[in-house]
Amino acid sequence: MSKIYVVGIGPGAYDQMIGRAIRALNESDVIIGYTVYVDLVKEYFAGKEFMTTPMKKEVDRCVLAFDEAKKGKTVSMICSGDAGVYGMAGLMYEVGENYPDVELTIIPGVTAATGGAAVLGAPLIHDFCLISLSDLLTPWEKIEARLLAAAQADFVVCLYNPSSRKRKDYLQKACNLMMKYKSPDTVCGTVAQIARDGETAQVMTLKELRDTEVDMFTTVFVGNSQTKNVNGKMVTPRGYKNV
């Protein structure tokens, strides 16, 4: 049976990939992905055949992977972060219904939530949720409802895709919505370029976050009512007694 690995490469650095991901890429004849992600791994896997598609060509990318696998090649479809968290794993299964003779293996990676949390301190120690602010595939009305529900339930909220050229005010809008249920003094944090050159991190209040400039390479963390600033680190207590 033909084989495709769907691989989460984490932030892209070799030492940030799990061993199973590295083995899969070494075993592959072809590595396929979004152009930016392929450029991150090329230097570590010389001699492989690389194929790319641009943004918004995700379905074409999946079809390309299956077509290459049907030729008898072992293929890796790579995703930044984790393949199953805003990655390509789901779409690969959907497209794969048309390729019953191709076996899929999903290999996890370090997603921005956990990678960024390690930089900030320990913001995700208690219940948390991930919400993408990109309305490319999800209507803003649904994103708004999720933000309000998460804030009302006092989740720590991790925001992906917080801003872009066309969505410059989306983080501001998200903060305004969450402040309906969260205090303006809620401890928050941002991490840009996680585990890459130029990595920067900040800890601030929700009110300050509202006016902070971010981009698509920034991950945003909004604490719950218990989250605190401990010597410049963002820490959410789990609730252990006698600490």
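The shown structure was predicted, so the numbers you read here are calculated from the model rather than taken from an experiment. The analysis underlying the following values was restricted to heavy atoms, covering all of them including side chains, and did not include hydrogens, waters or symmetry mates.
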Taking every heavy atom of Thr205 against every heavy atom of Pro184, the minimum-distance pair comes out as CB-O, 3.5 Å

Main chain of Val63, side chain of Asp60: is a donor-acceptor contact present, judged purely on distance under 3.5 Å? no

Fill in: Val119 and Glu199, any side-chain heavy atoms less than 4.5 Å apart
yes

Side chains of Tyr5 and Glu27: do they bring a donor and an acceptor to under 3.5 Å? yes

In this structure, CE of Met178 is separated from CG of Leu148 (nearest 0.5 Å) by 9.5 Å

Interatomic distance, CG@Asp215 vs NZ@Lys168, rounded to 0.5 Å, equals 9.5 Å

Margin query: Side chains of Ile143 and Ile131, heavy atoms from C-beta outward: is any pair under 4.5 Å?
Written below: yes

Shortest non-hydrogen pair, Glu68 vs Val75, comes out as CB-CG2, 3.9 Å

Correct closest heavy-atom pair for Pro54 and Arg61 would be O-NH2, 3.2 Å

Is there a path of hydrophobic side-chain contacts, each under 4.5 Å between heavy atoms of I, L, V, M, F, W or Y residues, that connects Tyr37 with Met55? yes

Below 4.0 angstrom, N of the basic side chain to O of the carboxylate: do Glu49 and Lys73 qualify? yes

Is there a side-chain contact between Ile22 and Tyr44 in this structure, where contact means two heavy atoms from C-beta onward sitting under 4.5 Å apart? no

Using modelled atom types and a 3.5 Å cut-off, is there a donor and acceptor pairing between side-chain atoms of Thr138 and backbone atoms of Asp135?
no

For Met92 and Ala65 the tightest heavy-atom approach is CE-CB, 4.1 Å

Does Thr212 use its side chain to pair, donor to acceptor, with the backbone of Glu208 at less than 3.5 Å? yes

Problem - Donor-acceptor under 3.5 Å (Thr186 side chain, Lys182 main chain) - result: no

*Just say parallel, tilted or perpendicular for the rings of Phe66 and Tyr99, cut-offs at 30° and 60°.*
parallel

For the pair Tyr34 (side chain) and Thr53 (backbone), establish whether a donor and an acceptor sit closer than 3.5 Å, ignoring hydrogens and angles. no

Tightest non-hydrogen contact, residues Val7 and Ala83, listed as C-CB, 4.1 Å

For the side chain of Ser2 and the backbone of Ala69, is there at least one donor-acceptor N/O pair under 3.5 Å apart?
-> yes

Can you confirm whether Ile31 sits close enough to Ile78 that some side-chain heavy atom of one is under 4.5 Å from a side-chain heavy atom of the other?
yes

To the nearest 0.5 Å, atom CG of Leu137 lies from atom NZ of Lys142 at 11.5 Å

Problem - Ser134 side chain to Tyr160 side chain, donor-acceptor N/O pair below 3.5 angstrom - result: no

dist His126:NE2 -> Arg238:CZ (nearest 0.5 Å) comes out at 6.0 Å

request  = Measure from the side-chain N and O atoms of Lys57 to the backbone N and O of Thr52, and report whether any donor-acceptor pair falls under 3.5 Å.
outcome  = no

Is a donor from one side chain sitting under 3.5 angstrom from an acceptor on the other, for Asp154 and Ser225? yes

Do the non-hydrogen side-chain atoms of Asn161 and Tyr86 ever get within less than 4.5 Å of each other?
no

Report task. Could you check if a side-chain atom of Pro162 sits within less than 4.5 angstrom of a side-chain atom of Val220, using non-hydrogen atoms only? Result -> yes

Thr190 side chain near Thr219 side chain, heavy-atom distance below 4.5 Å:
no

Quiz item: For the side chain of Asn224 and the backbone of Phe155, is there at least one donor-acceptor N/O pair under 3.5 Å apart?
Solution: no

Heavy atoms of Ile18 and Pro108 approach each other most closely as CD1-O, 3.4 Å

Please answer whether the main-chain N or O of Ile107 pairs with a side-chain N or O of Arg20 as donor and acceptor at a distance below 3.5 Å.
-> no

* Using atom types as modelled and distance alone, determine if a side-chain donor or acceptor of Thr74 lies under 3.5 Å from a backbone N or O of Ser28. => no

Co-membership, hydrophobic cluster, residues Met51 and Val95, 4.5 Å side-chain:
yes

Rounding to 0.5 Å, atoms CG (Leu147) and CG (Leu159) come to a distance of 6.5 Å

Separation between CE (Met179) and CG (Leu209), nearest 0.5 Å, reads 8.5 Å

Q.
Hydrophobic clusters here meaning ILVMFWY residues chained together by side-chain heavy-atom distances under 4.5 Å, can you tell me if Met88 and Val110 are in one?
A. no

Next on the checklist: Is the terminal nitrogen or CZ of Lys173 (NZ for Lys, CZ for Arg) located under 6.0 angstrom from the six-membered ring centre of Tyr170 and within 45° of that ring's axis?
Outcome noted: yes

Quiz item: Are any non-hydrogen side-chain atoms of Arg196 and Phe217 less than 4.5 angstrom apart?
Solution: yes

